[in-house]
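Sequence lines set the chain letters: A, B, ... in the order given, protein chains first and strands last, and positions in each chain run from 1.
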Number of protein chains: 2
Amino acid sequence: MGRRQALSKGEMDIARILWDIGPASVRQVHELASQTREIDFATVQTYLRRLESKGYASSKLNARQRIYSAKAKPQTVIRDTVDELVNRLFGGRTMPLVRHLIEAGDIQPNDIIELRQLIDDLESAQSVEPTPRKDPQS
Amino acid sequence: MGRRQALSKGEMDIARILWDIGPASVRQVHELASQTREIDFATVQTYLRRLESKGYASSKLNARQRIYSAKAKPQTVIRDTVDELVNRLFGGRTMPLVRHLIEAGDIQPNDIIELRQLIDDLESAQSVEPTPRKDPQS
DNA sequence: TTGACTCCCGTACATTTGTACGCCTACACT
DNA sequence: AGTGTAGGCGTACAAATGTACGGGAGTCAA
């Protein structure tokens, strides 16, 4: 897949807002963004424009306002970003990161339940499906 | 902790090499870096200088060569970087990332064993130690 | 002592990122 | 009709990042 140019930190913040509230005007995005940190309207505007030019969003003019919609799925962006991090920080191995996260101490007791479930699911998936396929054709 | 200025991607690559091979000359670092990707000697040199100016490394002249040593511990850098990512991508919650990693399919069967162990350890640590302390004084 | 080498260091420069100004126009009132 | 207002759009600009050139100084051999 011709990979889109990666998002910078600031762009990511704005993208997250777009994912959260769906198609929105610059003003709406700016309002949300302002709750987290001081940021100028025009700055948000620029980020949205760049998001669009990088292919992560699209927009259309509606009356006087330009409405932006997320185009890339958060799933995809998250995957790419995490992949990047795993490569950069751990030479591509996933386990060290998982280890770090579990040991870092932000896991709550009731997360543990879920975690065990996740692992069980993974295990059965593995034993049942020796050759994972996107497209189950047969 | 007066936080050090964050490392950029390129700087991180070089820092990782320094962690791996310990104190080393520019040439040694460059050699390693070259195995992974095309990169100019002088570029590596610049990264090392910047690493030093950001406080992540120190250096001293040894005969004709400048020897760089990592100063910040990988642990610390990894923690800060992962924290950043978790904040930016998941609003500070750890579990979504853990979930993503487990579901992403890079976990091998024998990692599962370790994973279960990790979780067990975490659980007992939590039930035994209501107030976690760095320094178990009693 | 003259090359040929090696390695440091200052410096440069394009691109990307963070942040924003200010003009222009369509609209909304008076 | 005249003026204030909101929002788009082009544009700017400093800082950070990625990448590298070329001068100078020490070193070794002929």
For A:Leu48 and C:dT19, give me the distance from atom CG to atom C1', rounded to whole Å. 14 Å

Pairs satisfying salt bridge (Lys or Arg N to Asp or Glu O under 4.0 Å), at least one member in residues 99-110 of chain B, at least two apart: A:Glu114-B:Arg99

Would you say that A:Leu51 contacts A:Tyr68 through its side chain, given a criterion of any heavy-atom pair below 4.5 Å between the two side chains? no

Here the distance between atom P of C:dC21 and atom CZ of A:Phe41, to the nearest Å, is 13 Å

Can you tell me the distance, in whole Å, between the CD1 atom of A:Ile67 and the C1' atom of D:dA6? 14 Å

So, under a plain 3.5 Å distance rule, would you say the side chain of B:Arg49 forms a donor-acceptor pair with the base of C:dT11? yes

Tell me which residues in residues 5-35 of chain B lie within less than 4.0 Å of DNA chain C, going by non-hydrogen atoms. B:Val26, B:Arg27

How many whole angstroms separate atom CD of A:Gln65 from atom C1' of C:dA28? 15 Å

Spacing between B:Arg88 atom CZ and C:dG18 atom C1', to the nearest angstrom: 12 Å

Tell me, do B:Gln126 and B:Leu122 make a side-chain contact under 4.5 Å, heavy atoms counted? yes

Answer yes or no: is there a donor N or O on one side and an acceptor on the other, between the side chain of B:Arg88 and the main chain of A:Lys9, under 3.5 Å? yes

Pairwise 5' ranking along DNA chain D for B:Gln45 and B:Lys54, keeping only the more 5' one: B:Lys54

B:Tyr47 side chain N/O closer than 4.0 Å to the phosphate oxygens (OP1, OP2) of D:dT19? yes

Is the shortest side-chain N/O distance from A:Thr43 to OP1 or OP2 of C:dA20 below 4.0 Å? yes

Within the distance-only criterion (no hydrogens, no angle test), does the side chain of B:His30 pair as donor or acceptor with the backbone N or O of B:Thr43 below 3.5 angstrom? no

Contact between A:Tyr47 and A:Met12 at the side-chain level, heavy atoms closer than 4.5 Å - yes or no? no

Measure CG/A:Asp40 against C1'/D:dG7 and give the value in whole Å, please. 13 Å

Between the side chain of B:Lys54 and the main-chain N/O of B:Ala6, is any donor-acceptor distance below 3.5 Å? yes

For A:Tyr68 and D:dG8, give me the distance from atom OH to atom P, rounded to whole Å. 7 Å

Report yes if at least one side-chain N or O of A:Arg37 is closer than 4.0 Å to OP1 or OP2 of C:dT19; otherwise report no. yes

Less than 4.0 angstrom between a side-chain N/O of A:Arg64 and OP1 or OP2 of D:dT5, yes or no? no

Rounded to the Å, how far apart are A:Leu61 CG and D:dA6 P? 18 Å

